[in-house]
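Heads up, the thing below is written out as structure tokens.
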Protein chains: 2
Amino acid sequence: MVSFEKFIPGDGPIYQQIVLYIKREISAGNICSDDEMPSRRVLSSLLGVNPNTVQKSYKILEDEGIIQSHSGAKSLIVSDEAMRKKIRTELLEADAKNAVATLKQMGVSKNEAFDLIGRFWKEED
Amino acid sequence: MVSFEKFIPGDGPIYQQIVLYIKREISAGNICSDDEMPSRRVLSSLLGVNPNTVQKSYKILEDEGIIQSHSGAKSLIVSDEAMRKKIRTELLEADAKNAVATLKQMGVSKNEAFDLIGRFWKEED
DNA sequence: CAAACTGTACTATATGTATAATACAGTTGT
DNA sequence: ACAACTGTATTATACATATAGTACAGTTTG
């Protein structure tokens, strides 16, 4: 069963956060093919959001071929190694590009950026 | 005159992107007190967005004490060194925390993160 | 079989974001 | 003074996001 223990509410639309969470867990190897997704109703209750919001996330994951749903049964993850690598590359590029662009606009040097990342990495280990 | 040359459209509400852009430019020291903001109409035309959207940004900046507006005249930046440092700390903490949390959820190690940041830093220099 | 769960679909409502058009009073520059 | 700009305010419209409630057919489980 796919766990949402590490899910941390953040910025932006909730349905997008859920999609990203699943993609990142797949990217990390914490979710594999045939893992069961929690039902729409269960997850909505767990996250404290509306079932329709969760359904929107699942619809997107389904359209992208990341989960597979059979009416009446639980949705399953479908992600082979090629899919996992593709997702990982996409997410890492987007995150790194975003972080670098932001820090650079603020006039942070490469070394200062490393110090900063290193400091926050330690604080959470 | 405050320049928007480095402004790159991103994710999230436009009015928030404009607010963040100004804060990052102040943080970088590229914008100082008494610098003139472009008028609402000029900036909306420059960015290709609605004047009301720009107005919403300026209203937020005004409420946070970052700009000062006199009806009829151009809005001015008001940012002393204390304000600059406060803004810089806030933004750096938020950005670094966000980047670290994201990379960690994807199972990226500290060294891999440094490699990644370093790679994207070089590509844009 | 039957109860409980599942995915899916639909309507309605509220709020946030963005656009469009207009108006008016204050200032700036010639 | 006068034209051109400025900030500010208003109304209307449209789409995105999130919630609420309901419904129905397929499956899983006891």
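Chain naming here is simple, since letters A, B, ... match the order of the sequence lines and numbering starts at 1 in each.
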Practice problem: Report the relative orientation of the aromatic rings in B:Y21 and B:F7; use parallel for angles under 30°, tilted for 30 to 60°, perpendicular for over 60°. | Solution: perpendicular
Self-check item: d(NZ, B:K74; P, D:dG7) in whole Å
Solution: 8 Å
Quiz item: For A:Q105 and B:E25, what are the C-alpha separation, side-chain angles and deciding distance, and is it a side-chain hydrogen bond (donor to acceptor under 3.5 Å, both in side chains)?
Solution: CA-CA 7 Å; A:Q105 198 212 326; B:E25 285 294 288; 3.1 Å; yes
Quiz item: With sugar-phosphate meaning primed atoms plus P, OP1 and OP2, does B:Y15 contact a base, only sugar-phosphate, or nothing at under 4.0 Å between heavy atoms?
Solution: sugar-phosphate
Practice problem: Round to a whole Å and report the spacing from CE of A:M1 to P of D:dT28. | Solution: 13 Å
Quiz item: With respect to the phosphate group of D:dT8, does any side-chain polar atom (N or O) of B:R40 fall under 4.0 Å of OP1 or OP2?
Solution: yes
Quiz prompt | For A:P51, all residues meeting side chain to side chain contact (heavy atoms under 4.5 Å, CB included), sequence neighbours excluded | solution = A:S44
Quiz prompt | All salt bridge (charged side-chain N to carboxylate O under 4.0 Å, His left out) counterparts of A:E64, not counting sequence neighbours | solution = A:K23
Self-check item: First encountered from the 5' end of DNA chain D, between A:Q17 and B:S39
Solution: B:S39
Exercise. Give a yes/no answer on whether the side chain of A:T53 brings an N or O atom under 4.0 Å of OP1 or OP2 in D:dT17.
Key: no
Quiz item: Under the salt bridge (charged side-chain N to carboxylate O under 4.0 Å, His left out) test, which residues partner A:E90, sequence neighbours left out?
Solution: none
Pairs: protein N or O with nucleotides 9-14 of chain D N or O, under 3.5 Å:
none

Quiz item: Does A:E62 or B:R41 map to a spot on DNA chain C nearer the 5' end, using the closest nucleotide for each?
Solution: A:E62
Quiz item: Between which nucleotides of DNA chain C, 5' to 3', does chain B make heavy-atom contacts below 4.0 Å?
Solution: C:dT17 to C:dT28
Quiz item: Can you list the residues that meet the salt bridge (charged side-chain N to carboxylate O under 4.0 Å, His left out) rule with B:E93, with sequence neighbours excluded?
Solution: B:K97
Self-check item: Qualifying residue for side chain to side chain donor-acceptor pair (under 3.5 Å) with B:R40, from B:S45, B:S57, B:S75
Solution: B:S75
Quiz item: Taking NZ, NE, NH1 and NH2 as the nitrogens, is one of them in A:D63 or A:K59 under 4.0 Å from a carboxylate oxygen of the other?
Solution: yes
Quiz item: So, does A:Q68 use its side chain to make a donor-acceptor pair with the main chain of A:E62 at under 3.5 Å?
Solution: no
Quiz item: Does A:P51 or A:H70 map to a spot on DNA chain D nearer the 5' end, using the closest nucleotide for each?
Solution: A:P51
